[in-house]
Amino acid sequence: MSRPTKAIIDLQALRHNFELAQSLAPHSSTIPMVKANAYGHGAVEVARALAPIAPAFGVASIEEAIDLRDNGITQPILLLEGIFSSDEVSLAAQNNFWLMVENQPQVKAIINATLARKIKVWLGMDTGMHRLGFQPNEIQAAYDALSNSHNVSDDIVITSHFACADDLDSQATSKQIKNFDLHLPKTNNKLSTSLANSAAILAWPQAHRDWQRPGFMLYGSSPFVQPQENADQLQAVMSFESAVISLRNISAGESVGYTANWTAQRDSTIATVTVGYGDGYPRSAPNGTPILINGVRCPLVGRVSMDMITVDVTDLPQVAIGDKTVLWGPELPVNEIASACGTIGYELLTRMPARVPRVYS
Ligand SMILES: *Cc1c(COP(=O)(O)O)cnc(C)c1O
């Protein structure tokens, strides 16, 4: 007895996608990105499912990392934006969190900290994204400052992030890689490197380095708009499901829902499904957005409400209250819904609210 709206999370598909990322770059270590609640899938459960096969995890903040520690995750955890205040350095060192280092204040905070143990750092180079990281001509100095510090382990990782790796025709990725390789710091220490996000793992083998950082692909959707042979092997992890809770017949000329933005052109059967923008289904979804009812694509009609949507099921041979409805999942790509709404699958998955129970299978 409960509201039928839920996100079913297929942990076997998650592991399949991780293995795919690993197999595409067999000489890389694969660090799952579980920031933002594992892109909406539940960070603790996702990390637990991958813990036997993942060497480390990546998150956006120390709070996200501590949540994983408190829930039994023992691997190193990389803080992708590093610290936001200097008091985080010793907490990170105590907990075996790894720090991205993206600016001079972060370098200073690490060097000036009093630490019981050395901390592993990833030094970010801005090769063209122009959001975080040191400029290529500043990398040597930042590297020297860190590698001369007693606080820092000597296996520093040099890293960068791609702006356009999802665009297979763009020159930007090759340019970023070239820029990166040209400006690696000179040292006698072992240097390891990391470049690839999901798109680069799937389509840019030149970007496969010591460490790779898949996020979106782990959750089973393609970062590309067009078919791509590796991405096409991914398996969707989340199935966002609900059920029909009401049915009615309306006459041609009648409209449906708030603002009456859809009017029946024929006598129609309307199914009401108990899912809305309060559950993360986008209010921007236009009339005609596909909804699977009993496995058949039916068009969304009328505005998305907070807790409900309305669907034109006139062409369904059979429909009843209680029938299963899928908003996105293996048979209906979240990317397709996102594209209809002017966004990307990343956003729809990541902003799924806590109200939607995650059910693990
Ligand atoms: C989020 C993130 C990734 C993962 O990107 P995807 O496109 O989801 O694979 C990789 N690297 C960094 C630095 C990130 O912040």
Side-chain angles (χ1 to χ4, degrees), residues 14 17-18 20-22 24-25 28-41 43 46-47 50 54-62 64-65 68 76-84 97-103 106 120-134 157-168 170 172-173 176-177 180 192-204 207-225 228 230-231 234 236-238 334-335 338 343-352:
L14 175 79
N17 299 330
F18 177 91
L20 177 66
Q22 186 59 77
L24 290 171
S28 298
S29 296
T30 302
I31 308 187
M33 298 295 110
V34 297
K35 57 191 175 182
N37 200 27
Y39 294 51
H41 293 68
V46 163
L50 295 177
F57 292 98
V59 298
S61 69
I62 201 163
E64 290 182 337
L68 294 179
I77 302 171
L78 173 62
L79 308 189
L80 293 163
E81 295 164 36
I83 52 159
F84 301 107
F97 299 155
W98 297 348
L99 294 182
M100 283 274 194
V101 182
E102 306 277 8
N103 57 45
Q106 289 182 336
K120 184 173 171 84
V121 303
W122 287 45
L123 177 58
M125 191 194 305
D126 177 8
T127 56
M129 174 93 163
H130 301 327
R131 188 179 65 175
L132 288 182
F134 289 86
V157 180
I158 311 297
T159 183
S160 194
H161 194 51
F162 294 125
C164 305
D166 57 322
D167 180 352
L168 302 177
S170 168
T173 302
Q176 284 193 258
I177 295 173
F180 184 77
S192 50
T193 56
S194 175
L195 286 173
N197 57 1
S198 294
I201 291 166
L202 292 162
W204 298 90
H208 295 170
R209 302 297 164 98
D210 301 290
W211 300 94
Q212 54 182 359
R213 313 185 303 269
F216 195 52
M217 71 173 288
L218 295 177
Y219 308 103
S221 295
S222 173
F224 309 113
V225 290
Q228 198 272 347
N230 296 324
L234 293 167
V237 172
M238 181 188 292
V334 66
N335 284 339
T343 184
I344 55 175
Y346 286 74
E347 184 184 6
L348 296 190
L349 294 178
T350 300
R351 56 181 219 148
M352 292 273 301

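The figures that follow rest on heavy atoms only: side chains count, while hydrogens, waters and symmetry mates do not. Just so you know, ligand 1 is whichever comes first in the structure, and atom 1 is the first atom listed for that ligand.
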Student: Which protein non-hydrogen atom lies closest to atom 9 (O) of ligand 1, naming both residue and atom, and how far is it?
Tutor: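 Protein heavy atom at minimum distance: S198 OG, 2.5 Å.
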Student: Heavy-atom contacts with F216 under 4.0 Å: which atoms of ligand 1 show up? List them by number with element.
Tutor: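 Contacts of ligand 1 toward F216, numbered from 1: 6 (P), 8 (O), 9 (O).
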Student: How far is atom 7 (O) of ligand 1 from the closest protein heavy atom, and which atom is that?
Tutor: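 Answer, as residue, atom name and distance: Y346 OH, 2.6 Å.
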Student: Does an N or O anywhere in R213 fall below 3.5 Å from an N or O of ligand 1?
Tutor: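 N/O-N/O distance below 3.5 Å exists for this pair.
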Student: To which protein heavy atom is atom 12 (C) of ligand 1 closest, and what is the distance rounded to 0.1 Å?
Tutor: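 Of the protein heavy atoms, H161 CE1, 3.4 Å lies nearest.
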Student: Within the structure, does M33 bring an N/O atom to less than 3.5 angstrom of an N/O atom in ligand 1?
Tutor: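 No.
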Student: Out of L80, N197, V59, who gets a non-hydrogen atom closest to atom 5 (O) of ligand 1?
Tutor: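 Nearest option to atom 5 (O) of ligand 1, by heavy atoms: N197.
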Student: Specify whether Y346 and F216 have parallel, tilted or perpendicular ring planes, treating 30° as the upper limit for parallel and 60° as the lower limit for perpendicular.
Tutor: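 The rings of Y346 and F216 lie parallel, inter-plane angle below 30°.
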Student: Check M217 against ligand 1 and report side chain, backbone, both or neither, counting heavy atoms closer than 4.0 Å.
Tutor: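 Within the 4.0 Å criterion, M217 makes no contact with ligand 1.
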Student: For atom 8 (O) of ligand 1, what's the nearest protein heavy-atom neighbour? Residue, atom name and distance, please.
Tutor: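 Checking every protein heavy atom, the shortest distance to atom 8 (O) of ligand 1 gives Y39 OH, 2.6 Å.
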Student: Under 3.5 Å, is there a donor-acceptor pair between the S198 and R213 side chains?
Tutor: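 Their side chains do not contain a donor-acceptor pair, so the 3.5 Å distance test is not met.
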Student: Has W211 got a side-chain atom pairing as donor or acceptor with T193's backbone, closer than 3.5 angstrom?
Tutor: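 The answer is no, because no donor-acceptor pair under 3.5 Å joins these two groups.
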Student: How long is the gap from CZ on F180 to CG on L195, to the nearest 0.5 Å?
Tutor: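 With rounding to 0.5 Å, CZ (F180) is 4.5 Å from CG (L195).
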Student: Please check if the side chain of Q212 supplies one atom and the backbone of S194 the other of a donor-acceptor pair under 3.5 Å.
Tutor: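 Checked: no pair found.
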Student: Starting from atom 2 (C) of ligand 1, locate the nearest protein heavy atom and write down its residue, its atom name and how far away it is, to 0.1 Å.
Tutor: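 Checked against all protein heavy atoms, atom 2 (C) of ligand 1 sits closest to K35 NZ, 2.5 Å.
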Student: For L79 and A65, which heavy atoms make the closest approach, and how far apart are they?
Tutor: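 Minimum heavy-atom separation between L79 and A65: CD2-CB, 3.6 Å.
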Student: Any donor and acceptor pair, going by atom type alone, linking the side chain of D126 with main-chain N or O of G128 inside 3.5 Å?
Tutor: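 Between the backbone of G128 and the side chain of D126 there is a qualifying donor-acceptor contact (under 3.5 Å).
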